[in-house]
Amino acid sequence: MSYRIVALLALCASTLLSQQTPSGTEAELNALRAAVKASQSAGDNAWMLMSSALVLLMTGPGLALFYSGLVRKKNVLGTMMQSFVMMAVITLVWFVCGYSLAFGEGSRFLGGLQYLFLNGVGAEPNADYAGTIPHQTFMVYQLMFAIITPALIAGAFAERVRFGAMILFCTLWTFIVYFPAAHMVWGKGGLLNAFQNGPIPVFDFAGGTVVHITSGFSALVCAIYLGKRKGYPVEPMKPHSLVLSFIGACLLWVGWFGFNAGSALAASGLATSAFVTTHFASAAGAVSWMLAERFRTGKASALGAISGSVAGLATVTQGAGFVAPYAGVVIGFIAGIVCFYMVTVAKNKLGYDDSLDAFGVHGVGGLMGCTLTGIFATRTVNDALKNAAGEPLALGWVDGNTTQILNQLAGAGIGIALAVVGTLVCLKLTELVTPIRMEVREETEGMDLTLHGEEGYNFEA
Amino acid sequence: MSYRIVALLALCASTLLSQQTPSGTEAELNALRAAVKASQSAGDNAWMLMSSALVLLMTGPGLALFYSGLVRKKNVLGTMMQSFVMMAVITLVWFVCGYSLAFGEGSRFLGGLQYLFLNGVGAEPNADYAGTIPHQTFMVYQLMFAIITPALIAGAFAERVRFGAMILFCTLWTFIVYFPAAHMVWGKGGLLNAFQNGPIPVFDFAGGTVVHITSGFSALVCAIYLGKRKGYPVEPMKPHSLVLSFIGACLLWVGWFGFNAGSALAASGLATSAFVTTHFASAAGAVSWMLAERFRTGKASALGAISGSVAGLATVTQGAGFVAPYAGVVIGFIAGIVCFYMVTVAKNKLGYDDSLDAFGVHGVGGLMGCTLTGIFATRTVNDALKNAAGEPLALGWVDGNTTQILNQLAGAGIGIALAVVGTLVCLKLTELVTPIRMEVREETEGMDLTLHGEEGYNFEA
Amino acid sequence: MSYRIVALLALCASTLLSQQTPSGTEAELNALRAAVKASQSAGDNAWMLMSSALVLLMTGPGLALFYSGLVRKKNVLGTMMQSFVMMAVITLVWFVCGYSLAFGEGSRFLGGLQYLFLNGVGAEPNADYAGTIPHQTFMVYQLMFAIITPALIAGAFAERVRFGAMILFCTLWTFIVYFPAAHMVWGKGGLLNAFQNGPIPVFDFAGGTVVHITSGFSALVCAIYLGKRKGYPVEPMKPHSLVLSFIGACLLWVGWFGFNAGSALAASGLATSAFVTTHFASAAGAVSWMLAERFRTGKASALGAISGSVAGLATVTQGAGFVAPYAGVVIGFIAGIVCFYMVTVAKNKLGYDDSLDAFGVHGVGGLMGCTLTGIFATRTVNDALKNAAGEPLALGWVDGNTTQILNQLAGAGIGIALAVVGTLVCLKLTELVTPIRMEVREETEGMDLTLHGEEGYNFEA
Amino acid sequence: MVKIEAIIQPFKLEEVKEALKGIGIDGMTVTEVRGHGRQKGHKEMYRGREYNVDLLPKIKIEMVVPSSRQEEVIRTLSAAAKTGKIGDGKIFVYEVVEAIRIRNDERGETAL
Amino acid sequence: MVKIEAIIQPFKLEEVKEALKGIGIDGMTVTEVRGHGRQKGHKEMYRGREYNVDLLPKIKIEMVVPSSRQEEVIRTLSAAAKTGKIGDGKIFVYEVVEAIRIRNDERGETAL
Amino acid sequence: MVKIEAIIQPFKLEEVKEALKGIGIDGMTVTEVRGHGRQKGHKEMYRGREYNVDLLPKIKIEMVVPSSRQEEVIRTLSAAAKTGKIGDGKIFVYEVVEAIRIRNDERGETAL
Ligand SMILES: Nc1ncnc2c1ncn2[C@@H]1O[C@H](COP(=O)(O)OP(=O)(O)O)[C@@H](O)[C@H]1O
Ligand SMILES: Nc1ncnc2c1ncn2[C@@H]1O[C@H](COP(=O)(O)OP(=O)(O)O)[C@@H](O)[C@H]1O
Ligand SMILES: Nc1ncnc2c1ncn2[C@@H]1O[C@H](COP(=O)(O)OP(=O)(O)O)[C@@H](O)[C@H]1O
C-alpha cells in the first residue's frame with residue numbers, strides 16, 4: 001500500500017504547494033506522475049484481483065462440478081475432492097517454492113530459488129512480468145493456473161484412483177512438469193519465452209501449452225497406464241447429473257475471462273481483445289459441436305453443447321491475446337468439430353478410458369490452439385514484440401511470418417515430451433509409495449464411501 | 001493495447017527528461033495527460049469487463065437455473081439449453097452483423113452496416129457510446145444483453161417447443177425486434193435516444209424497455225400462440241427443483257449489478273448509484289412479494305421471495321441510473337406486489353400458460369419500470385443531460401418535469417408494438433420452415449429425451 | 001458522477017488550452033490533478049463494486065448452499081430462506097437507519113442519525129472511511145457485511161426455528177449487537193477503532209470480531225437456548241446434499257476475496273496482500289482439517305475439507321490486511337485443527353446442538369483470529385498507523401509490540417459480552433411477540449412444507 | 001382380502017387415483033418403479049457412448065381390498081389407466097392372509 | 001413361510017429396525033413409497049397454483065419369516081411403529097411359496 | 001401363475017436382465033430398495049457424528065410368470081446374480097391369483 005499512499009499524500013501536498021507557486025514545478029509534476037502510476041495500478045490491480053478470483057472459480061466450483069456431474073453418483077464427492085484438494089495443496093507448494101521454481105530467475109528450464117517462501121514478493125511490481133500491478137498480485141494470479149492444471153488431469157483417472165495417491169501424483173507432477181513448463185514459456189530467461197529472448201519463441205498467451213497440452217497429454221498417459229474402469233465399457237456409466245456439469249461449464253466459461261483476458265496482466269485494450277476472442281471461440285465451439293452431433297446422431301445434446309464450448313475455450317487459450325475476433329470464431333469452430341471427433345469416435349476406436357475426456361478436449365484442443373496461434377497471431381492485436389526500430393514484428397502466418405508455426409510446433413513438442421515422460425516418472429514414483437488404483441471392491445462401492453466415508457446425496461427422508 | 005503502452009512509455013520518457021529540464025514542459029504535460037487517460041481507461045475497463053462477465057453469468061448459469069428449476073425433471077436440460085444456445089448463437093450473429101445493426105450509425109430505427117464483422121471495432125474508444133473504454137469492450141458488453149433478452153422469452157414456451165424452432169425463432173426475433181429496439185433507444189441517432197437527440201427522448205438506463213418490455217410482451221404472444229402445455233392446468237406440474245431456481249435467482253441478483261451498474265459504462269459514482277438502487281429494489285421486491293403471499297395464503301414461500309427479487313430487479317432496470325436510492329425501494333416494493341398479483345391471480349384468470357412467467361415478471365415489470373422512471377428520474381442522480389447553459393435538465397416528475405412520463409409511455413408503446421408484431425412475424429416465419437411445438441408424445445416423454453437424447457439426472461446406482 | 005465528468009471536461013479543456021500556452025499553467029495542473037483523482041477513483045471503485053457483489057454472493061447463494069446442503073431434505077428451502085431473507089430485510093433496515101447507526105458519527109458505542117435514509121450519502125467520498133471511492137460504495141459494501149452476519153447465526157437454529165421469529169430475532173439482533181459492534185470497531189469515534197483514536201485500539205481488518213465473534217457466540221447462545229432438534233442425536237440427520245455444501249463452500253472461498261481484500265477499500269497493494277493471506281489461510285485450513293481427520297478416523301472427508309477451508313477463512317479475517325503471507329498459512333493451519341476439534345469432539349462432549357457449527361467454526365475461529373492478529377500483525381504489511389514523526393508504528397508481537405494482544409483480547413471480550421447479552425435480550429424480546437421454535441409436528445414434517453408450503457425437490461415424473 | 005397391484009404409466013396416476021376415490025377406495029400405496037416389457041425403450045447418447053434404456057418409468061399402485069370388491073376395482077382401475085397403447089401396464093392380484101392397522105391393532109377387513 | 005409387509009411412518013424406521021433386530025429378525029428389504037389413506041395430506045402452492053398433495057412419504061418394510069414367527073413379528077413391529085395417530089400405517093401378511101438364497105441356492109426357511 | 005421376486009446387487013441388474021431375456025422372460029418390474037441382512041454395512045462420518053449404515057442399496061426385480069416356468073426362471077436368475085459372496089440376495093415366490101393387461105383387458109397367462 002505504501003507507494004499508493006505516498007503518491008496520494010504527495011499529490012495533496014503538491015496541491016497545497018501549488019497554491020503558493022505560480023506554475024508547475026518539478027516537484028508537482030513528480031507528485032502527479034506518482035499519482036498517475038498509483039491510479040494506473042489501481043485499475044489494473046482491480047482487474048487482476050478479479051481475474052485471480054475468476055480463475056479460482058474455474059477450479060472450484062467450476063471444474064469440480066463439470067467433472068463430478070459426469071461420473072456416477074457414488075463418485076461425486078470423490079471427484080469434487082480431486083479439484084478441491086488441488087486448491088489447498090498446490091497453494092502451499094506454491095508458497096514454499098513453487099512460485100520461485102516457475103518464475104524465479106534460473107536456467108532456461110527452471111526458475112531459481114530466490115522467491116522461496118515468497119521472499120521478496122511484495123507490493124512493488126516486478127517489471128519483468130507486470131509493471132503496473134503488485135508483484136504479489138502476479139504471484140497469486142499465476143498460482144490459480146498452477147492449481148487448475150493438475151486438477152484437469154484428474155479427469156483421466158476419475159472413478160478409480162485413490163485419494164492419497166492422487167495428491168502425491170499431482171504434487172510430483174507439478175514439480176516435474178508444470179514448473180518447468182511454466183518457466184520455459186513464461187519465466188524470465190525461459191527457453192520458449194517469446195518476450196524475453198527465449199531461443200525458441202513460442203506465443204502462449206494464457207497457457208495453451210503450459211496448461212492444456214501438458215495436462216491433456218499427461219491425462220492420456222494416466223488413462224492408459226491405469227487401465228479402464230471396472231466394467232467399462234459394458235456396464236452403463238451415464239453421467240449422474242448433467243445439471244451439475246452444465247453449471248460447471250457455465251462457470252468455466254465465465255471464469256475463463258479471468259484466465260484469458262486476465263493474462264493481459266492489465267485492464268487494457270489487449271485484455272478486452274482476449275476477452276472477445278475467448279467468448280467468440282466458446283460460442284463457436286458450442287455451435288460446431290452441436291452441428292456435428294446433429295449430423296451424426298440427429299440430436300444436439302446438452303453435454304455436446306457444453307463440451308463444445310469448453311473445447312473452444314481450451315483451444316483459443318494459447319492465441320487469445322494474439323488473434324483477431326474473427327480468428328476466435330474460426331478457432332472455436334475447428335475446436336468443436338475436432339474435439340467432437342476425438343471424444344466420440346477416436347476415443348472409442350482407440351479404446352482407452354479417459355473418463356472425462358481430459359485428453360480429447362484439453363490435450364487435442366491445446367495442440368490445435370498452439371498450432372493455430374502460429375497462423376492467426378497478428379501484430380494488429382498484439383504489438384508488444386518490436387524490432388530495433390520500435391516497429392511491431394510480424395507474428396503469425398497472417399502477418400506474413402510463415403515460420404512462427406514451426407516455433408509453435410516445437411513448443412508443443414517440448415510440452416508433449418515433458419508431459420509424457422514427466423507423467424510416467426511421477427506415476428512410477430507414486431507407485432513406489434502407495435498403490436494408485438482403488439481395489440475392485442472399493443471401485444464398486446464408490447469413492448465417496450470408501451475413500452471419504454460420506455455420501456453425496458442422502459435423500460431419504 | 002497500444003495507446004496504453006505509448007502513454008506509459010511517454011510517461012517514463014518525460015520522467016527521465018524532466019530531470020534535465022527545470023520545469024514542466026508541454027511535452028511532459030501531454031505525456032501525463034496520456035497517462036491519465038490510460039489509467040482512467042484501466043479503471044473503467046476493469047469494471048466493464050467484469051460487468052460483461054456478470055451479465056453472461058446471468059444467462060448461464062443464472063437464468064438457465066432459475067428457469068430449469070421451475071420445470072419438470074424431464075425438461076431440465078431442454079430448458080437449460082434454451083439459455084445456453086443463445087449464448088452460442090447470438091454471439092455469432094452479433095459478430096457477423098448484430099452489433100452493427102444495433103449500434104452502427106443508420107436510420108432512426110436500425111443501425112447501418114459499417115461494423116459488419118466488427119470491422120473498425122477495436123481498442124480505441126467510441127466516444128458516441130463510451131469515451132473511456134475500448135470500443136470492443138462496449139461491443140462485448142452489449143452482446144451480453146443481446147444474449148439474455150431472447151433467452152428470457154424462452155420462459156414462455158418452456159416444456160413444449162422444439163429445439164431447432166426455438167433457435168430459429170429467437171434468431172429471427174433478434175433481428176426483427178431486438179436490434180431495432182436497441183438501436184432506437186441506445187443507438188446513435190435512434191428515435192428514442194434521450195442522449196443523442198432522439199425526437200422522443202426515453203430514459204432507459206439498462207434496458208427496461210429494450211430488454212424487459214420486448215421480451216416480456218413477446219413471451220405473452222408466444223404463450224398464447226403456442227397454447228398450453230398438455231395437461232395444463234389439470235396435471236400437476238410442480239417445479240422439480242426450487243433449489244436450482246434459488247441458486248439461479250441469487251446469481252441473477254449478483255449478475256444484475258453488472259447489468260445495471262455496468263450500464264454506467266464506467267466505474268463512476270453513477271455506477272455506484274445504479275448498484276445501490278438495483279440492490280434496494282431487489283430487496284424491496286422480495287419483501288413485498290413475501291408480504292403479499294403472507295396475507296393471501298398465510299405463508300411466504302421461497303419461490304415467492306426469489307420471484308419478488310427478480311421482479312424488483314426487472315422493474316428497476318430502466319431507472320437504475322436515474323433515480324435515487326429511496327426510489328429504488330419504492331419501485332421494488334411496487335414491483336413485488338404487482339407482479340405477485342399478475343402471476344398468481346391475473347394469469348390464472350386470463351388462462352394463458354406462460355410457464356415461467358416471463359410476461360408476468362419481465363413484461364409487467366418492464367412496463368411499470370418504464371413509467372416509474374418518468375416519475376422518479378432526477379438530475380441529482382444523473383446530470384448528463386444539460387441545457388445550452390450547461391445546467392442539468394430536469395428529468396422526471398420529481399424534478400418538476402411532468403411530461404417525461406409521456407415520453408416513457410410512448411417508448412413503452414413503441415416497444416410493445418414492436419414486440420407483438422415482430423413476434424407474430426417471427427412465429428409465422430418459423431412455422432414456414434419447421435413446426436414449433438413438440439408432438440404430444442414428445443411432450444409426454446420430455447424434452448431431454450426426445451430433443452437431446454439425454455437425461456438430466458441418472459441417480460440409479 | 002459529476003466530479004468525474006467535471007474532471008474529464010477540465011482535462012479536455014486544459015488539453016485544448018495548452019496548445020495555446022507554452023508551458024504548464026496552474027489551471028492545467030489542477031485539471032490534471034482532478035483527472036488523476038477521478039481515475040484513481042475509477043480503479044478503486046471498480047474493485048469495491050466487485051467486492052460488494054462478491055460479499056453478496058457469499059450469502060446468496062454461497063452460505064445458503066453451504067448451510068442448506070447440511071440439513072435434511074425437508075428443510076432445504078427453509079434453510080436457504082434464512083439466508084435470503086436477510087438479503088432482503090437487512091437491506092431495508094440499512095437504508096432506513098442501519099448505516100447511520102453503524103457508521104454515523106455518534107458516541108463511542110453507536111453511530112448517530114445523520115445518515116437516516118442515507119441522507120447525505122452520495123457520490124462524494126467520505127474521507128473518514130475511504131477517500132477514493134463514492135461514499136455510497138462504502139455504504140453498500142458495508143451493507144453486505146451487515147447481511148451475512150445474522151445469516152451466519154442461522155446455522156445454529158436451522159431445522160427448528162419459525163420463519164417469522166427468525167426474521168424478528170435477526171432484525172433485533174442487528175440493532176442490539178451488530179450496529180454497536182460495527183460502530184465500536186470501525187465507526188468514527190468508536191471505542192475500539194484503532195485508526196480513529198479509539199481508546200482500546202483493536203485491529204480488525206475485515207470483521208473477525210465484528211462478524212465472526214459476534215455471530216459465532218450468538219449462535220452458541222441460540223443453540224443452547226432453543227434446545228436440540230427433535231430426535232437429536234439418536235435419529236440420523238445426515239447432510240442431505242454435500243454437493244450443495246461443496247458448491248457453497250467454493251463460492252464462500254471466492255467471495256471471501258471481496259470480504260477480506262475488499263476491506264482495503266481500494267485496489268491497492270494492501271488489497272492484494274489481504275487477498276493472498278486469505279487464500280493461503282483457506283488452503284492451509286483445508287489441509288490441516290483433512291490431516292486431523294486422516295489421523296483420527298482414517299479418512300479425509302469432503303465435508304472436512306470444505307469445513308477446514310471455511311475455518312481458515314473465518315480465522316484469517318481479522319488479520320487479513322495486517323499479517324504477512326506466511327502468517328496466513330500458520331493461522332489457517334491452526335484454524336483447521338482447532339475447529340476440527342471443536343466441531344467433532346468438543347461439541348459432542350458438551351452436548352449442545354449447533355446444527356451447522358456456526359459457533360465451532362465462526363465463534364471459535366473468530367476468537368482465535370482476533371488473538372493471532374495481535375501476534376502476527378506487522379507494519380511491513382500495513383503501515384497506516386504512524387507516530388508523530390510519520391513512522392509506521394509497531395503493530396503485533398512480531399513487530400515487538402507485545403501489548404497489542406491485550407487490546408485484541410479486550411476487543412474479543414467486549415464482542416463476546418455484547419453478543420451473549422444482546423442475543424439473550426433479542427431472544428426474550430422475540431418470544432414476547434411470537435414463539436420461536438416450531439412445533440414438534442412441524443419439525444417432523446419439515447420447514448419447507450410447514451413454513452413455506454413448498455418442497456425443495458419434486459423428482460417424481 | 002386380496003392385494004391388487006397395478007403397474008401403470010406415470011402420467012395416469014392422477015386419473016387413476018381419482019377414479020378409485022370415486023368408488024370409495026382410499027387406501028393405497030404408490031411406488032416409483034421401472035418396467036420392462038413389450039414397450040420399446042429409447043436411446044441415450046453421452047459423448048459417443050450409446051445407451052439403450054429399456055427400463056421405463058412406471059408407477060406401481062398397491063391396494064388391499066376385500067375380495068368382494070376385486071372385480072369392481074380392477075374394472076375401474078383398468079378403465080382409468082387405459083390409453084390403448086403398448087406400455088399401459090398390468091394388474092396382478094394376490095391373496096392376503098391378514099391385515100393389521102398399526103394405530104389400533106384392528107385386524108382383517110376393518111383394518112383396510 | 002409368510003411375507004410380512006408393513007407400511008410405516010418414515011421417522012419410525014430406525015425404531016422398528018431396532019425392535020426387529022431385538023427379536024432376531026435381521027433380513028428385511030425397505031422401500032420408499034408414498035401412501036394414501038385417512039391421513040390428510042397438505043397443500044403446496046407454487047406461484048398461485050395450488051396442489052393438494054395426498055400421497056405422503058411412507059416406508060415399506062418387507063420380511064419373509066417362518067410362519068411360526070408371524071404373530072411375534074407383527075406384535076413387535078406394531079408396537080414399535082405405533083404413535084396412535086392416524087397415518088401409522090398397516091401390516092399385511094402374504095403366503096410365500098418358496099425362498100432361495102442366491103449365494104448358495106439354499107431353499108426354504110434356511111434361506112431366510 | 002407365480003410372482004418371482006428377487007433382491008439382487010445393483011451392479012448385477014444388467015447381467016440378470018440379459019440372462020432373463022435369454023430365456024424369453026421380457027416382462028419385469030424393477031424397484032430400487034435398500035436391504036438389511038447378513039451383509040455388513042458401512043460407517044459414515046459427518047463432522048464427528050458417526051452413522052452405521054446397515055441398509056444397503058439393492059435392486060428388486062418382480063416377474064409374474066406361468067407356474068410352469070418357475071424353476072427355469074429361478075435357476076437362470078440365480079446363476080446370473082450370483083457372486084458367491086454374502087449379500088447376493090434372495091428370491092421369493094408367491095402365488096398370483098389373476099393377471100390383467102390394462103391395454104386390452106386380457107386375463108391370465110396370456111396377459112403376461
Ligand atoms: N410379467 C410381468 N411381470 C411383472 N411386471 C410386468 C410383466 N409384464 C409387464 N410388466 C410391467 O408392465 C409394464 C408394461 O408392460 P408392456 O409389455 O410394456 O406393455 P403392455 O402391458 O401394454 O403389454 C412393464 O413396463 C412392466 O413394468
Ligand atoms: N387398503 C390399503 N392398501 C394398501 N395400502 C394402504 C391401504 N390403506 C392404507 N394403506 C397405507 O397405509 C398408510 C396409512 O394409512 P391411513 O389410512 O392414512 O392411516 P391408518 O393406517 O392410521 O388408518 C397409507 O398412507 C397407505 O400407504
Ligand atoms: N428374510 C428376508 N426378507 C426380506 N428380504 C430379505 C430377507 N433376508 C434378506 N433379504 C434381502 O436380501 C438381501 C441380502 O441378504 P443378506 O443376508 O445380506 O445376504 P445373503 O442373501 O447372501 O445371505 C438383504 O439386503 C435384503 O434386502
Side-chain angles (χ1 to χ4, degrees), chain D residues 1-10 12 15-16 19 29-41 51-62 64-65 67 70-97, chain F residues 1-8 10-34 57-67 70 73 76-77 80 92-112:
Chain D
M1 288 172 295
V2 290
K3 169 159 91 169
I4 299 179
E5 175 181 286
I7 320 286
I8 63 168
Q9 295 279 25
K12 278 291 190 181
E15 233 166 294
V16 167
T29 299
V30 167
T31 315
E32 289 183 36
V33 298
R34 290 178 291 152
H36 187 269
R38 296 188 195 186
Q39 189 186 1
K40 243 183 31 202
Y51 296 94
N52 281 303
V53 177
D54 53 6
L55 285 173
L56 304 172
K58 299 279 165 187
I59 289 284
K60 186 209 274 185
I61 305 181
E62 290 163 293
V64 177
V65 299
S67 309
Q70 172 177 336
E71 279 309 308
E72 181 193 5
V73 170
I74 290 177
R75 237 179 304 116
T76 311
L77 202 161
S78 178
K82 206 191 305 287
T83 69
K85 300 220 190 73
I86 286 188
D88 272 0
K90 318 267 168 172
I91 302 174
F92 302 121
V93 183
Y94 310 85
E95 256 338 310
V96 176
V97 177
Chain F
M1 285 172 297
V2 291
K3 168 159 92 169
I4 298 180
E5 175 180 288
I7 320 287
I8 63 168
F11 60 85
K12 278 290 188 180
L13 174 58
E14 216 48 30
E15 233 167 293
V16 168
K17 222 173 55 191
E18 290 313 312
L20 289 169
K21 272 194 217 166
I23 59 163
I25 297 294
D26 254 348
M28 69 183 74
T29 299
V30 168
T31 315
E32 289 183 35
V33 298
R34 288 179 292 151
K58 301 278 165 188
I59 289 286
K60 187 208 274 187
I61 305 182
E62 290 165 294
M63 295 142 288
V64 177
V65 299
S67 309
Q70 174 176 332
V73 170
T76 311
L77 203 162
F92 302 121
V93 183
Y94 311 85
E95 255 338 308
V96 176
V97 177
E98 181 63 290
I100 298 103
R101 186 192 306 282
I102 293 174
R103 169 158 49 94
N104 54 12
D105 292 312
E106 275 179 320
R107 296 227 171 182
E109 299 203 350
T110 60
L112 300 182

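Numbers restart at 1 for each chain; the letters A, B, ... are given by sequence-line order, proteins then strands.
- Counting heavy-atom pairs under 4.5 Å between each of F/N104, F/V96, F/V97, F/I100 and chain D puts F/I100 at the top.
- Between chain F and the options D/K3, D/K85, D/Q70, D/E95, the largest number of non-hydrogen pairs under 4.5 Å is found for D/K85.
- The pair D/K82-F/D105 counts as a salt bridge, with a side-chain nitrogen and a carboxylate oxygen less than 4.0 angstrom apart.
- The part of D/K60 that comes within reach of chain F is its side chain, from C-beta onward, which places non-hydrogen atoms under 4.5 angstrom from that chain.
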* Asked: After noting the C-alpha distance and the side-chain angles of D/F92 and F/T29, does the key distance pass the side-chain contact (heavy atoms from CB on, under 4.5 Å) rule?
  -> CA-CA 12 Å; D/F92 302 121; F/T29 299; 5.7 Å; no

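- Under the 4.5 Å side-chain criterion, counting only non-hydrogen atoms from C-beta, F/R103 is in contact with D/I86.
- Looking at D/I74 and F/R107, their side chains come closer than 4.5 Å, going by heavy atoms from C-beta outward.
- Looking at F/A111, only its backbone comes within 4.5 Å of chain D, counting heavy atoms on both sides.
- Taking CD1 of F/I102 as the reference point, atom CD1 of D/I8 lies at 7.0 Å (rounded to 0.5 Å).
- Looking only at heavy-atom pairs under 4.5 Å with chain F, the residue among D/L56, D/D54, D/T83 that has the most is D/D54.
- Looking at D/T31 and F/T31, their side chains come closer than 4.5 Å, going by heavy atoms from C-beta outward.
- At a threshold of 4.5 Å between non-hydrogen side-chain atoms, the residues F/R101 and D/R38 count as touching.
- A salt bridge is absent between D/K90 and F/E62; no separation between the charged side-chain nitrogens and carboxylate oxygens falls under 4.0 Å.
- Two residues are said to be in side-chain contact when any heavy atoms from C-beta on lie closer than 4.5 Å; D/H36 and F/K21 meet this criterion.
- With a 4.5 angstrom heavy-atom cutoff, D/R75 does not touch chain F via any of its atoms.
- Contacts of F/L13 with chain D are made by side-chain atoms alone, with heavy-atom separations under 4.5 Å and no backbone atom involved.
- Neither the backbone nor the side chain of D/Q39 has a heavy atom closer than 4.5 Å to any heavy atom of chain F.
- For the pair F/V64 and D/Y94, the minimum side-chain heavy-atom distance is below 4.5 Å.
- Between chain D and the options F/M1, F/M63, F/K17, F/E106, heavy-atom pairs under 4.5 Å are most frequent for F/K17.
- Proximity to chain F (any heavy atom under 4.5 Å) is restricted, for D/L55, to the side chain, taken from C-beta onward.
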